[in-house]
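Below: the structure, in structure tokens.
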Amino acid sequence: MSIFQNYIDGRWASSDAATKNINPSNTDDIVGEYAHADKNQADAAIAAAVEASKSWRYSGIQQRFDILDTIGSEILARKDELGRLLAREEGKILPEATGEVVRAGQIFKFFAGEALRVQGEHLKSVRPGVEVEVTRGAVGVIGIITPWNFPIAIPAWKIAPALAYGNTVVFKPAELVPGSAWALSDIIARSGLPNGVFNLVMGSGREVGQAMLDDRRIDAVSFTGSVNTGGVVAASCSRRGAKYQLEMGGKNPLIVLADADIDNAVACALNGAYFSTGQRCTASSRLIVVAPVYDQFIEALKSKVENLIVGDALADGTQIGPVVDQRQLDQNIRYVDIGKEEGAELLCGGELLERETPGFYMTPALFTETSNKMQINREEIFGPVASVIKASDIDESISLANDTEFGLSAGICTTSLSAATKFKQECRAGMVMVNLPTAGVDYHVPFGGMKGSSYGSREQGRYAAEFYTTVKTAYVGA
Ligand SMILES: NC(=O)C1=CN([C@@H]2O[C@H](COP(=O)(O)OP(=O)(O)OC[C@H]3O[C@@H](n4cnc5c(N)ncnc54)[C@H](OP(=O)(O)O)[C@@H]3O)[C@@H](O)[C@H]2O)C=CC1
Ligand SMILES: O=C(O)CCC(=O)C(=O)O
């Protein structure tokens with residue numbers, strides 16, 4: 001089997017060190033062997049990005065538009081093939097995987113347009129005869145470190161704005177899912193970018209990722225992943241004064257009020273808590289339901305959860321794919337045990353499951369009789385496990401929703417305009433949803449959270465310019 005190589009300074013590197021990319025739906029299926037970069041390759045990638053930055057930061061906006069638009073077009077044209085690859089390596093079911101690929105293509109198209117819309121200001125100085133110009137320029141070299149749960153969309157929403165605003169990139173994807181990252185990099189490599197502007201270094205976080213964090217030549221780091229690694233990124237970058245942006249966990253609440261359309265509330269909970277196997281930082285892991293509809297909601301949700309079809313991500317009809325790997329599966333089952341020990345009632349699921357092929361399967365778990373103080377309601381599980389918490393009214397529901405160290409996404413199901421307005425105002429989350437699942441977002445508007453979920457300026461939409469540009473104020477005398 002030939003090795004999919006790293007891309008450094010406009011060339012595919014040659015390296016024998018490789019990691020096997022394993023299909024979580026069928027661990028006998030090896031998706032491919034992907035190069036495993038070391039510190040030397042990280043160093044070469046960073047050097048190439050520094051050199052390329054000298055001219056790319058001054059590149060024309062039409063050139064940037066054309067390149068990003070070309071990348072977006074190829075991703076969209078190959079959505080079915082890339083969707084299959086994503087489903088095969090990450091375990092997301094095929095329709096979701098294809099949807100993610102489409103989203104990645106749309107993101108490149110969006111930022112192609114944004115490259116044309118970089119704005120500045122021209123002001124009078126308070127000193128007579130002096131003019132002031134405020135412009136936005138490239139930051140320089142951006143280190144991009146991404147997780148496994150959105151193997152093409154998250155890289156896209158970091159790489160596209162980085163390039164659109166004239167930065168060069170060193171990209172380190174999660175080792176678990178190098179296939180989509182490599183395919184995206186192959187498309188970028190053929191898009192007409194000058195050598196060194198974009199570099200791919202597949203390798204471990206501890207070696208390659210840490211080398212990027214510690215390297216003074218990397219001006220800014222954009223990271224999505226766990227809270228623990230986010231802390232490492234923050235400490236390393238602040239030590240050397242580099243700009244950084246973190247997207248981390250969530251413990252996202254979905255509130256169901258007594259006046260909610262219960263069928264829709266159940267559909268929102270089912271989608272938010274279990275789709276994508278619960279492996280979304282926007283997943284609804286805490287379902288806060290008011291007493292008058294508590295029993296009705298639980299009964300309806302339980303019957304839906306029990307009937308979810310768990311299986312091979314590529315098979316027709318599968319609704320919930322496998323967990324991404326053994327480590328994550330062990331973590332999920334450990335939390336199911338913790339929930340039981342804490343006194344929560346496991347209404348259904350939470351068991352290992354065998355399918356025709358060896359894979360990381362479990363039944364989606366639903367806990368009731370839980371309190372917000374329980375560990376299962378405080379820590380991000382990142383699997384198909386959700387808890388129901390009973391509340392008396394909207395005030396207690398919002399107070400429970402806010403009682404968490406996280407603040408990424410939050411939802412409410414209600415038919416009351418005033419309840420929805422109150423929730424939107426008082427909920428301490430970066431994204432608030434009314435009669436919609438907490439997960440599943442648009443590609444052209446800001447994405448990010450409050451409190452422990454995020455740090456730095458927002459990702460996506462035109463707000464991304466804040467992170468990927470730096471502001472310069474010029475004073476011009478007569
Ligand atoms: N909020 C989110 O979107 C996500 C949250 N998670 C949460 O994190 C848990 C663990 O998942 P995991 O994938 O291990 O998350 P990590 O935070 O460890 O991984 C995210 C990325 O950071 C890299 N990395 C790891 N250590 C370092 C380091 N010291 N310096 C620089 N980069 C580093 C990883 O590399 P490598 O390829 O070696 O892993 C990966 O590319 C999950 O169970 C879940 O709770 C996970 C994924 C996404
Ligand atoms: O909900 C979504 O679509 C985005 C989720 C996400 O970005 C994440 O889980 O990291």
Side-chain angles (χ1 to χ4, degrees), residues 19 21 34 36-37 39 42 90 92 96 99-100 102-104 107 143-158 170-178 181 201-215 218 221-237 244 246-252 271-273 275-285 323-332 334-335 379-383 385 406 408-409 411 430-431 433 436-443 445 447-449 452-455 459-460:
T19 311
N21 185 357
Y34 290 81
H36 185 89
K39 276 187 184 163
E90 199 265 354
K92 201 168 275 184
E96 289 177 340
E100 184 184 333
V102 169
R103 183 165 159 188
I107 287 167
I144 291 177
I145 301 178
T146 56
W148 47 261
N149 63 329
F150 280 82
I152 194 162
I154 294 179
W157 77 55
K158 295 179 190 294
V170 178
F171 168 41
K172 194 215 91 64
E175 274 223 289
L176 216 44
V177 289
V201 278
M202 299 174 288
S204 83
R206 281 177 198 282
E207 187 178 3
V208 171
Q210 192 66 51
M212 288 165 62
L213 299 182
D214 294 336
D215 198 309
I218 290 199
V221 174
S222 183
F223 167 85
T224 302
S226 65
V227 173
N228 283 347
T229 308
V232 173
V233 175
S236 307
C237 289
Y244 63 96
L246 312 173
E247 289 299 343
M248 301 171 289
K251 201 67 202 169
N252 310 293
N271 175 323
F275 287 10
S276 301
T277 322
Q279 297 174 153
R280 296 188 281 192
C281 54
T282 46
S284 331
S285 46
V323 171
V324 74
D325 71 350
Q326 187 65 51
R327 194 179 66 148
Q328 187 66 48
L329 183 61
D330 292 345
Q331 176 168 308
N332 298 348
R334 186 168 60 82
Y335 273 109
E379 295 170 13
E380 185 176 52
I381 300 173
F382 223 63
V385 182
F406 298 110
L408 186 58
S409 178
M431 294 174 291
M433 317 289 189
L436 289 168
T438 57
V441 296
D442 285 7
Y443 65 87
V445 289
F447 177 92
S453 288
S454 306
Y455 178 85
E459 298 202 80
Q460 302 194 61

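In this text, all values refer to a predicted model and were calculated from it rather than measured experimentally. Every number for a ligand or one of its atoms is a count from 1 in the order of the listing. Basis for what follows: all heavy atoms, side chains included, without hydrogens, waters or symmetry-related copies.
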Would you say R327 contacts ligand 1, with heavy atoms under 4.0 Å as the rule?
->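 Contact check R327 vs ligand 1: positive.
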
Give a yes/no verdict on whether any heavy atom in F150 is under 4.0 Å from an atom of ligand 1.
->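 Judged by the 4.0 Å heavy-atom criterion, F150 does not count as contacting ligand 1.
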
Per-atom contacts, ligand 1 versus [X] - under 4.0 Å to a heavy atom:
X: L213; answer: 30 (N), 31 (C)
X: T146; answer: 21 (C), 40 (C), 41 (O)
X: P147; answer: 47 (C), 48 (C)
X: Q331; answer: 43 (O), 45 (O)
X: W148; answer: 11 (O), 12 (P), 13 (O)
X: S204; answer: 38 (O)
X: Q328; answer: 42 (C), 43 (O)
X: T224; answer: 3 (O), 20 (C)

Do [X] and [Y] make a side-chain contact, defined as non-hydrogen atoms from C-beta onward lying under 4.5 Å apart?
X: M431; Y: L408; answer: yes
X: V441; Y: R103; answer: yes
X: K251; Y: I381; answer: yes
X: V324; Y: W148; answer: yes
X: C281; Y: E247; answer: no
X: M202; Y: T19; answer: no
X: F150; Y: K92; answer: yes
X: V323; Y: Q331; answer: no

Find out whether the Lys NZ or Arg CZ of K158 is both under 6.0 angstrom from the six-membered ring centre of F223 and within 45° of the ring's axis.
->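 Ring-cation test returns no.
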
Considering only heavy atoms of [X], which atoms of ligand 2 have at least one such atom less than 4.0 Å away?
X: R280; value: 9 (O)
X: N149; value: 8 (C), 9 (O), 10 (O)
X: F150; value: 4 (C), 5 (C), 6 (C), 8 (C), 9 (O), 10 (O)
X: T282; value: 1 (O), 2 (C), 4 (C), 5 (C)

Between E100 (side chain) and I152 (backbone), is there a donor-acceptor pair under 3.5 Å?
->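 Such a contact is found between E100 side chain and I152 backbone.
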
For N149, does its backbone N or O pair with a side-chain atom of Q279 as donor and acceptor, under 3.5 Å?
->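 Side chain of Q279 to backbone of N149, a donor-acceptor pair under 3.5 Å: no, none is there.
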
Select one of side chain, backbone, both or neither to describe which atoms of W157 lie under 4.0 Å from any atom of ligand 2, heavy atoms only.
->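 It is the side chain that touches ligand 2; the backbone stays farther off.
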
Is the closest heavy-atom distance from [X] to ligand 2 below 4.0 Å?
X: R103; result: yes
X: F275; result: no
X: I154; result: yes

Atom 9 (C) of ligand 1: which protein heavy atom is closest, and how many Å away?
->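 Nearest neighbour among protein heavy atoms for atom 9 (C) of ligand 1, to 0.1 Å: S226 CB, 3.8 Å.
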
Give the contacting part of R280 toward ligand 1: side chain, backbone, both or neither, where contact means a heavy-atom distance below 4.0 Å.
->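 Contact part for R280 vs ligand 1: neither.
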
Please indicate whether any nitrogen or oxygen in A439 is less than 3.5 Å from any nitrogen or oxygen in ligand 2.
->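 No, there is no polar N/O contact under 3.5 Å.
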
Report yes if some N/O of T224 lies less than 3.5 Å from some N/O of ligand 2; otherwise report no.
->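 So ligand 2 has no N or O lying under 3.5 Å from an N or O of T224.
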
Among [options], closest by any non-hydrogen atom to [atom]:
atom: atom 10 (O) of ligand 2; options: A283, C281, G250; result: C281
atom: atom 34 (C) of ligand 1; options: K172, Q210, E207; result: K172
atom: atom 37 (O) of ligand 1; options: M202, M212, E175, E380; result: E175
atom: atom 38 (O) of ligand 1; options: G205, G143, C281, G383; result: G205

Are any non-hydrogen protein atoms located under 4.0 Å from atom 19 (O) of ligand 1?
->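 Given the 4.0 Å limit, the answer for atom 19 (O) of ligand 1 is no, no protein heavy atom qualifies.
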
Can a donor-acceptor pair be found between the side chains of T438 and S284 at a distance below 3.5 Å?
->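 There is such a pair between these side chains.
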
Are side-chain N/O atoms of S285 and E380 paired as donor and acceptor at under 3.5 Å?
->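 Short answer, no.
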
Backbone or side chain, does any N or O of M248 fall under 3.5 Å from an N or O of ligand 1?
->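 Such a contact does occur with ligand 1.
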
N or O pair under 3.5 Å between I145 and ligand 1 |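 No, I145 has no N/O under 3.5 Å of an N/O on ligand 1.
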
With D330, which of Q326, R327, R334 fulfils side-chain hydrogen bond (donor to acceptor under 3.5 Å, both in side chains)?
->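 It is Q326; the other options fail the test.
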
Check whether the ring centres of Y455 and Y244 lie less than 6.0 Å apart, and answer yes or no.
->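 Close enough - the centres of the two rings lie under 6.0 Å apart.
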
